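In what follows, a structure is listed as structure tokens, so that the remarks can point back to it.
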Amino acid sequence: KKKPASFDPSSVVCWEKDKPVPFLFLCLAFDMINEESGRIVITDIVCNLLRTVIHATPEDLVPVVYLSANRIAPAHEGLELGIGDASIIKALAEACGRTEQQIKIQYKEKGDLGLVAKASRSSQSMMRKPDALTIRKVFKTFHLIAKESGKDSQEKKKNHIKSLLVAATDCEPLYIIRLLQTKLRIGYAEQTLLTALGQAAVYTEEHSKPPPEIQSPFEEAAKIVKKVYSVLPDYDKIVSALLKDGVWELPKKCDFTPGVPVGPMLSKATKGVSEILNKFQDVEFTCEYKYDGERAQIHFLENGSVEIYSRNAERNTGKFPDVVTAVSRLKKTSVTSFILDCELVAYDRTKQRILPFQVLSTRARKNVALSDIKVDVCVFAFDLLYLNGQALLQENLKIRREHLYTSFDEESGFFQFATSTTSNDVEEIQKFLDKAIDASCEGLIIKTLHEDATYEPSKRSLNWLKLKKDYMENIGDSLDLVPIGAFHGRGKRTGVYGAFLLACYDNDNEEFQSICKIGTGFKEEVLEERSTSLRSKVIPKPKAYYKCGESINPDVWFDASEVWEVKAADLTISPVYRAAVGIVDSNKGISLRFPRLVRVRPDKAPEQASSSEQVAEMYNAQKHNHNDKQDDNEDD
Ligand code: ATP
């Protein structure tokens with residue numbers, strides 16, 4: 001289908017202009033998306049949805065965008081619905097005049113409480129039929145649910161859910177429940193929403209004229225919205241600026257703001273020192289230890305408040321009160337505000353050494369009191385994005401680092417600058433890598449210092465290259481993959497899953513593509529843990545956006561929910577698995593040989609798993625290195 005340039009938003013407006021948008025309008029769009037698998041068509045549907053809202057009731061664009069993203073607020077605000085299945089089941093039972101037991105039985109059959117809700121429909125008799133749901137009402141109720149706290153909060157949350165379900169018709173109950181569970185998962189991700197928002201903005205009448213230098217306005221507008229979102233992930237601000245000044249003015253109106261975390265810059269994998277030297281020929285670069293802990297972006301504002309954000313922009317301040325104290329104490333007095341990019345690493349202060357990531361992961365997640373801390377943490381600082389009211393993103397790393405070094409005092413075991421060296425000698429870099437490994441680091445990150453050395457938010461950049469210790473032995477880097485199915489265990493493994501089907505994520509098509517089965521290398525307790533955790537994620541059939549290959553038939557399918565870090569011996573072309581299909585070979589995918597689980601990555605969402613593009617890059621790099629191997633092997 002072509003872009004619907006001739007689409008007339010007024011022709012589908014089924015509500016009075018400037019009156020609240022019916023919730024059903026959004027739900028029917030979700031239904032349409034659910035039926036589609038083509039990226040362009042889905043983007044068109046979302047674009048038309050947004051155009052229609054802009055045309056008729058622009059005031060509702062913010063809630064429409066949030067609900068379409070299955071969010072209720074920006075991640076950094078930490079506003080969570082906090083609802084368990086139990087409250088939903090209770091609300092459903094009461095709204096539909098059924099028992100909880102009946103709901104639970106049906107839930108088991110259907111594997112999706114949304115589908116149970118849709119099938120149940122309200123059977124409560126009422127004197128007066130409730131008014132039709134509007135997007136505003138649903139969004140407002142979600143906020144009320146999130147803000148309920150303290151005694152009776154679960155009961156109050158349940159009553160809010162019930163009030164929505166009682167008024168819901170058609171497919172609305174399905175989406176109310178899925179939105180509440182943050183499991184909309186109808187086969188599109190936030191990137192499509194951002195593209196559609198950019199395209200919809202081009203169509204709006206007042207601001208439709210692009211500057212003369214812009215050749216492809218729709219593409220350009222999508223790029224602008226995505227870029228702006230990477231530095232300011234806040235739909236309230238972006239949507240109001242779009243409506244007020246149009247998409248071409250957006251970069252001027254929505255910029256990096258302290259207090260709102262930017263997407264972290266990421267690195268690309270490499271196969272060895274010589275590849276790095278080839279890539280960074282003639283440019284100045286630095287090698288830093290790659291610490292194995294938790295990424296943190298620390299915001300210190302003029303008013304003295306400190307917030308710590310995770311790699312996913314979630315507020316982590318309550319987990320690290322010791323880090324809040326350390327950075328406040330060790331910043332120089334001349335420093336009034338900053339944003340620091342760093343790795344938080346478990347540290348033994350007596351023996352003065354770094355502890356493994358697994359030790360860090362034993363720390364409690366919320367409301368930690370300083371007196372309860374058993375695992376100490378050292379901040380390893382490697383970048384400074386903002387200092388005393390000035391954004392530094394556009395400065396090169398050399399300058400950012402000078403600011404970093406002069407803004408803080410180091411204190412061993414509390415706050416240290418990432419260890420680094422500058423050299424372009426293969427042997428020296430190799431020795432530095434060995435030193436990093438001896439110091440319990442994962443390897444090195446090599447960064448451009450001067451040219452092409454700005455901070456690139458949310459980007460896996462070629463200007464940051466990672467070099468891990470085992471690059472010689474296997475494929476250079478581990479992969480982050482999503483379990484989407486499993487096979488029942490037999491013999492000793494009866495009662496747990498015996499093997500899992502893993503997938504990578506294709507960003508262009510927004511689909512999970514199968515890459516391998518994994519069944520060996522699990523410790524018994526890990527297998528038990530993963531099986532228990534995934535058992536609650538079983539779905540009756542694979543999602544339309546799982547691409548698996550016809551001959552792969554796991555016993556159960558899972559909702560994509562976890563990310564596992566996996567190492568493998570190598571990558572091979574496969575006629576069965578679908579990873580990166582169409583990139584390296586038009587019909588065949590790529591699969592992993594001898595995969596083994598390293599750890600679970602709770603800091604990554606399924607859509608942040610290794611991308612098909614990365615898998616293809618790794619395959620090509622390996623091919624380049626070995627220039628042989630058993631292509632066309634089937635590893636099953
Ligand atoms: P990995 O699984 O290797 O951590 P990733 O996908 O999380 O991969 P990468 O881009 O591969 O991210 O590696 C960058 C990560 O390494 C950062 O997110 C950060 O947490 C960590 N890190 C440790 N030391 C550094 C450093 N000196 N500079 C930048 N990042 C570092």
Side-chain angles (χ1 to χ4, degrees), residues 261-271 285-298 308-314 316 340-347 354 356-358 360-361 377-385 397 400-401 404-405 416-422 432-433 435-437 439-449 453 455-471 474-482 504-505 507 563-568 597-611 613-615 617-618:
V262 296
M265 182 164 171
L266 298 168
S267 62
K268 289 231 181 204
T270 54
K271 286 288 298 175
F285 62 86
T286 181
C287 308
E288 284 177 0
Y289 281 9
K290 184 177 192 300
Y291 297 92
D292 194 11
E294 225 178 285
R295 181 91 177 244
Q297 204 176 96
I298 306 179
I308 302 176
Y309 299 105
S310 73
R311 178 199 161 98
N312 273 343
E314 280 144 5
N316 245 346
L340 186 72
D341 200 356
C342 57
E343 189 83 351
L344 305 181
V345 183
Y347 200 84
I354 285 172
F357 171 82
Q358 282 73 11
L360 184 70
S361 60
V377 158
C378 181
V379 178
F380 285 95
F382 52 78
D383 218 318
L384 195 66
L385 316 186
L397 178 59
R400 299 201 304 277
R401 234 165 46 168
L404 172 66
Y405 293 161
Q416 293 171 224
F417 301 125
T419 303
S420 67
T421 190
T422 306
F432 191 61
L433 172 64
K435 264 177 74 183
I437 304 304
S440 305
C441 291
E442 272 189 303
L444 302 177
I445 299 211
I446 326 281
K447 302 174 177 178
T448 48
L449 264 177
Y455 192 91
E456 299 170 78
S458 300
K459 202 162 164 208
R460 201 168 278 288
S461 168
L462 267 176
N463 301 326
W464 280 19
L465 301 176
K466 67 178 152 183
L467 181 61
K468 288 196 176 172
K469 63 175 169 182
D470 34 9
Y471 71 94
N474 52 41
I475 53 175
D477 196 11
S478 50
L479 289 106
D480 294 321
L481 302 170
V482 179
C504 64
Y505 186 68
N507 287 309
V563 179
W564 294 0
E565 185 176 344
V566 168
K567 278 191 178 169
L597 177 71
V598 181
R599 65 181 184 216
V600 180
R601 294 281 310 248
D603 57 332
K604 278 197 172 180
E607 288 80 9
Q608 291 170 326
S610 295
S611 66
E613 204 185 305
Q614 279 174 281
V615 171
E617 275 172 15
M618 284 168 107

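Only heavy atoms go into these numbers, but all of them, side chains included; no hydrogens, no water, no symmetry mates. Position 1 is the first residue of the sequence; numbering continues from there. Numbering of ligands and ligand atoms starts at 1, following listing order. Bear in mind the structure is a predicted one, so any value in this text is a computation, not a measurement.
Of the candidates Lys567, Lys604, Arg311, Lys604 is the only one forming a salt bridge (Lys or Arg N to Asp or Glu O under 4.0 Å) with Asp480.
Ligand 1 has no nitrogen or oxygen under 3.5 angstrom from a nitrogen or oxygen of Ser478. Ligand 1 has a nitrogen or oxygen under 3.5 angstrom from a nitrogen or oxygen of Lys468. In terms of N/O distances under 3.5 Å, ligand 1 is approached by Tyr291. Ligand 1 has an N or O atom lying under 3.5 Å from an N or O atom of Glu343, backbone or side chain. For ligand 1, none of its N or O atoms has an N or O atom of Trp464 under 3.5 Å away.
The ring pair (Phe, Tyr, Trp, His ring centres under 6.0 Å) check on Phe380 picks up Tyr291, with sequence neighbours excluded. Residues meeting the ring pair (Phe, Tyr, Trp, His ring centres under 6.0 Å) test with Phe357, sequence neighbours left out: none.
Every atom of ligand 1 is numbered from 1 in the order shown, and the set under 4.0 Å from a heavy atom of Lys290 is 1 (P), 3 (O), 4 (O), 13 (O), 15 (C), 16 (O), 23 (C), 24 (N). Counting atoms of ligand 1 from 1 in the listed order, those under 4.0 Å from a heavy atom of Arg311 are 5 (P), 6 (O), 7 (O), 12 (O), 18 (O). Distances below 4.0 Å separate heavy atoms of Leu266 from the following atoms of ligand 1: 10 (O), 12 (O), 18 (O).
With salt bridges taken as basic N to acidic carboxylate O contacts below 4.0 Å, one links Asp292 and Arg599. A salt bridge links Arg401 and Glu288; the closest N-O separation between the charged side-chain nitrogens and carboxylate oxygens is under 4.0 Å. Salt bridge absent: Lys466 and Glu442 never bring a charged side-chain N and a carboxylate O closer than 4.0 Å.
Within a 6.0 Å radius of CD in Glu613, other residues, nucleotides and ligands contribute 12 heavy atoms or fewer.
Of the protein's non-hydrogen atoms, the one nearest atom 28 (N) of ligand 1 is Lys447 NZ, 2.8 Å.
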